[in-house]
Amino acid sequence: MITTLFWDIDDTLLDFRRAEAAAIRRTFSEIGIPVTDETVQRYSEINDSLWKRLEQRALTRDEVLVGRFAMLFEELCFSYDCRAAQNLYFSFLGEQHDYISGAKETMDALYGRYPMYAVSNGTTVIQNRRLADAGLDRYFDRIFLSQEIGAEKPSAAFFDACFAALPDVRREEVLMIGDSLTSDMRGGETAGLHTCWFNPHGKNNCLGVRIDYEIAAPQEILTLLEKIG
């Protein structure tokens, strides 16, 4: 039986890819990098690779946030203060909070029916701003952010901290919903939760992570919850 929902935020409820692209384009324009699809895509590739290393505890958060600009600038032979670029990017990213299609309607339908908690690796000040501006924060009984906890998904330490704050919640009754195999699904699996992979693009589970359920649109969670009880 599922009594409680854990929700990832970026690319599960809020469209992070769209937010990232808009913010990095504005950043590039501000600091003088030609804004092309190729440079935006390359930034995204570098960013993704470094966040995965953070999940593996091979890098610190600061090494990711500043290092992604350092790597890109080196490739482009572009000289600019990486931390200043990072701060500028954050200011633009905080303004972006578009929902994934169907996500708001889904949260409206679930609100009051299940205790719901946000579990995110997003940076605290940016994530809190985006959640508030989107009106998404009101759906959650509590928001758990890795920067505040001091551990990232998928680590056991992250989920242990969540459950330490929720002593009446049983792990075997929690459904972890998210788009990431490496942080959400693997984290949910190792923490002893049920897992639901939000997979709108039909990707293959190439990592062999245990997935209990899979959905292609947020609203499919409503039918799923009715089915599994």
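Predicted model only: the values in this text are computed from it and were never measured.
Note on residues 171-222: no pairs pass ring-ring contact (aromatic ring centres under 6.0 Å, His included), not counting sequence neighbours. Listed by first and then second residue, the ring-ring contact (aromatic ring centres under 6.0 Å, His included) pairs involving residues 133-153 are Tyr111-Tyr139 (not counting sequence neighbours). Residue pairs meeting the ring-ring contact (aromatic ring centres under 6.0 Å, His included) criterion with at least one partner in residues 146-165, sequence neighbours excluded, are Phe6-Phe163.
With sequence neighbours left out, the side chain to side chain contact (heavy atoms under 4.5 Å, CB included) criterion links Thr3 to Met1, Glu173. With sequence neighbours excluded, the residues that form a salt bridge (Lys or Arg N to Asp or Glu O under 4.0 Å) with Asp98 are Arg18. Remark: Asp48 pairs with Arg17 by the side chain to side chain donor-acceptor pair (under 3.5 Å) rule, at least two apart or across chains. Residues forming a side chain to side chain contact (heavy atoms under 4.5 Å, CB included) with Ala103 (at least two apart in sequence, or on another chain): Leu13, Tyr99, Ile100, Pro218. Applying the side chain to side chain contact (heavy atoms under 4.5 Å, CB included) criterion to Asn87, with sequence neighbours excluded, gives Arg83. Remark: Met71 pairs with Ile46, Leu50 by the side chain to side chain contact (heavy atoms under 4.5 Å, CB included) rule, at least two apart or across chains. Legend: residues meeting salt bridge (Lys or Arg N to Asp or Glu O under 4.0 Å) with Asp15, ordered by chain and number and at least two apart, are absent. Residues that satisfy the side chain to side chain donor-acceptor pair (under 3.5 Å) test with Glu55, not counting sequence neighbours, are Thr182.
Clustering ILVMFWY residues whenever any of their side-chain heavy atoms sit less than 4.5 angstrom apart, transitively, puts Leu136 in the very cluster that holds Leu222. Leu88 and Phe78 fall within the same hydrophobic cluster, where Ile, Leu, Val, Met, Phe, Trp and Tyr residues are linked whenever their side-chain heavy atoms come under 4.5 Å apart, directly or through other members.
Relative ring orientation between Phe73 and Phe69 is described as tilted, the plane-to-plane angle lying within the 30° to 60° band.
Of the charged side-chain nitrogens involved, at least one lies within less than 4.0 Å of a carboxylate oxygen, so that Glu45 and Arg42 count as a salt-bridged pair.
Side-chain contact check for Tyr43 versus Glu75: every heavy-atom pair is 4.5 Å or farther apart.
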Enumerate, atom names and distances included, each donor-acceptor pair closer than 3.5 Å involving a side-chain atom of residues 23-32, sequence neighbours excluded.
unit_1: Arg25; atom_1: NH2; unit_2: Asp37; atom_2: OD1; d: 2.5
unit_1: Arg26; atom_1: NH1; unit_2: Glu95; atom_2: OE1; d: 2.6
unit_1: Thr27; atom_1: OG1; unit_2: Ala23; atom_2: O; d: 2.8

